[in-house]
Amino acid sequence: MTEEVARAARLLREGRLVAFPTETVYGLGADAASAAAVARLYAAKRRPIDHPVIVHFADAEGAFAWAREVPQAARTLAAKFWPGPLTLILKRSPKAGDFVTGGQDTVGLRVPSHPVAQALLRAFGGAIAAPSANRFGEVSATTAAHVREDLAAEADLVLEGGDSDIGIESTIVDLSGGKAVLLRPGHIGAAELEAALGEKLAAKPADAPRHSGGLERHYAPRTPAQLVAPHELDAEIGRWHAEGSEVAVLAFSRPDERVDFWLRMPKEPVAYAQKLYAALRELDSAGCARILIETPPAEDSWAAVRDRLRRAAA
Ligand code: TXA
Ligand code: MG
């Protein structure tokens with residue numbers, strides 16, 4: 001264990017806040033068993049108190065101790081995808097206080113695979129409540145530098161762990177009712193989950209548990225952003241230029257028109273997701289009037305990326 005990780009575990013025990021890398025995005029962590037530490041976390045993120053937070057564990061055994069019922073489907077998904085980018089919503093056990101569940105009867109559980117997250121969880125020895133390490137509603141952080149830009153004053157320590165491998169938040173599956181429901185798409189897709197479960201996922205009900213990723217505008221840059229179909233991109237750029245406005249463009253190939261600032265994205269969804277948040281931050285800092293995002297393909301493999309882009313542009 002490195003010095004830094006030992007220091008981070010000590011800070012968590014003192015009720016302080018530690019930002020740490022995971023394979024999805026960076027998290028801002030607090031002792032999940034301490035109401036005071038979690039209150040500090042919500043204040044730091046300026047997060048509404050009724051939004052539940054995901055609780056992180058070193059292994060499935062630790063995670064399931066926070067649930068009062070562990071259905072077979074949860075064991076199946078945990079065996080296949082943990083440690084990894086999957087969060088399971090289960091009925092909470094008494095260990096999960098109202099301050100992590102937003103007062104709901106369920107709790108979000110995740111076992112991350114990033115070696116620094118694993119080392120921290122083991123050194124700390126308990127559960128770590130951690131939302132993404134960004135300001136509430138804004139673009140998530142996939143590098144330690146981005147965490148410092150957003151939360152330098154709030155995090156007592158930022159652990160370095162390189163660029164996040166996956167780049168978008170974990171897939172969330174709700175197993176607290178009779179059926180498996182996909183609440184947030186992610187790197188682990190619906191087809192993979194259905195193959196593991198041997199059944200179809202149920203559609204998200206209208207009264208699905210509150211989750212902040214479910215807010216329409218989320219993962220959003222400060223510059224207004226809009227999605228544009230590939231064949232309309234050049235015309236849209238022209239329209240903004242005609243109004244005297246500069247635009248920043250996220251596209252799959254170089255736009256025809258002379259644009260002020262543009263970034264090329266990979267034509268493959270896994271690589272696209274990995275670069276997405278850093279790209280949105282870069283486009284945001286270009287100081288243009290508008291961000292134009294070329295709409296990705298309609299295929300299932302792009303579902304998680306489309307979800308984040310739709311919210312960034314809402
Ligand atoms: O990849 C991730 O999941 C990252 C890393 C740090 O682990 N964390 C993350 O946390 O994305 P956050 O707080 O930004 O998003 C957590 C999502 C929210 O949409 C929250 O409402 C939902 O999980 N959630 C947590 N507990 C829940 C519950 N009991 N029922 C429904 N949704 C829940
Ligand atoms: Mg978040």
Side-chain angles (χ1 to χ4, degrees), residues 17-30 32 38 41-42 44-57 63 66-67 81-93 96-114 116-118 120-121 127-142 146-147 150-151 155 159 161 164-177 181-188 204-205 207-220 273 277 304 307-308 311-312:
L17 306 183
V18 172
F20 62 99
T22 85
E23 67 279 19
T24 57
V25 297
Y26 276 68
L28 181 64
V38 175
L41 180 63
Y42 275 67
K45 277 218 45 163
R46 296 177 194 93
R47 186 182 176 106
I49 204 77
D50 63 342
H51 283 267
V53 70
I54 295 174
V55 187
H56 298 67
F57 301 85
W66 282 54
F81 299 111
W82 278 352
L86 176 68
T87 295
L88 297 178
I89 308 295
L90 297 178
K91 290 193 175 120
R92 67 165 160 179
S93 80
D98 280 338
F99 51 91
V100 287
T101 67
Q104 302 184 68
D105 193 35
T106 57
V107 62
L109 307 170
R110 170 156 136 73
V111 177
S113 63
H114 193 292
V116 175
Q118 276 285 328
L120 178 63
L121 284 158
I128 302 178
S132 51
N134 54 282
R135 276 184 292 257
F136 185 72
E138 296 186 10
V139 178
S140 300
T142 51
H146 290 160
V147 176
D150 285 4
L151 301 171
L159 286 176
S164 300
D165 272 351
I166 289 173
I168 54 171
E169 303 79 1
S170 60
T171 304
I172 303 182
V173 178
D174 183 0
L175 296 171
S176 66
V181 182
L182 182 64
L183 292 187
R184 180 170 72 184
H187 178 78
I188 300 170
K204 189 155 116 184
D207 64 346
R210 286 186 300 272
H211 67 119
S212 58
L215 296 179
E216 213 34 55
R217 183 181 157 83
H218 206 78
Y219 318 113
Y277 289 137
D307 170 75
R308 302 312 189 278
R311 294 176 203 285

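Reckoned from all heavy atoms, side chains included, excluding hydrogens, waters and symmetry mates. Remember, it's 1-based here, ligands and their atoms both numbered in the order they're listed. What you are looking at is a predicted structure, and each value in this text was computed from that prediction instead of being measured.
With ligand atoms numbered from 1 in the order given, ligand 1 contributes 17 (C), 22 (C), 23 (O) to contacts under 4.0 Å with heavy atoms of Ile172. Annotation for ligand 1: atoms under 4.0 Å from non-hydrogen atoms of Pro131 are 10 (O), 12 (P), 13 (O). Of all atoms in ligand 1, numbered sequentially from 1 with element shown, those under 4.0 Å from a heavy atom of Gly27 are 6 (C). Every atom of ligand 1 is numbered from 1 in the order shown, and the set under 4.0 Å from a heavy atom of Ser170 is 1 (O), 2 (C), 3 (O). Near Gly108, with a cut-off below 4.0 Å to any heavy atom, the atoms of ligand 1 are 26 (N), 29 (N).
Not a single N or O atom of Tyr26, backbone or side chain, sits closer than 3.5 Å to an N or O atom of ligand 1. At least one N or O atom of Thr106 sits closer than 3.5 Å to an N or O atom of ligand 1. Ligand 1 has no nitrogen or oxygen under 3.5 angstrom from a nitrogen or oxygen of Thr101.
Of the N and O atoms on the side chains of Glu169 and Ser132, not one donor lies less than 3.5 Å from an acceptor on the other residue. Between the side chains of Ser170 and Thr24, no donor N or O sits under 3.5 Å from an acceptor N or O. Side-chain contact annotation: Thr22 with Arg110, donor-acceptor N/O pair under 3.5 Å present.
His114 contributes atom NE2, which lies 10.5 Å from atom CD1 of Ile166 (distance to the nearest 0.5 angstrom). Note that the OG1 atom of Thr101 and the CG atom of Asp50 stand 10.5 Å from one another [nearest 0.5 Å]. In this structure, CZ on Phe99 lies 10.0 Å from OH on Tyr42, to the nearest 0.5 angstrom.
Residue-ligand proximity: Arg184 is placed with a non-hydrogen atom under 4.0 Å from ligand 1. The shortest heavy-atom distance from His51 to ligand 1 is not under 4.0 Å.
A centroid separation of 6.0 Å or more is found between the aromatic rings of His146 and Tyr277.
None of the N, O or S atoms belonging to Asn134 lies under 2.8 Å away from the Mg ion (ligand 2).
Residues meeting the salt bridge (charged side-chain N to carboxylate O under 4.0 Å, His left out) test with Arg92, sequence neighbours left out: Asp98, Asp105.
Contacts between Val107 and ligand 1 below 4.0 angstrom, taking non-hydrogen atoms only, involve the backbone exclusively. The part of Arg47 lying near ligand 1 is the side chain, judged by heavy-atom distances below 4.0 Å. Contacts between His56 and ligand 1, counted as non-hydrogen atom pairs separated by less than 4.0 Å, involve the side chain only.
Using modelled atom types, one side-chain atom of Lys45 and one backbone atom of Asn134 make a donor-acceptor pair closer than 3.5 Å.
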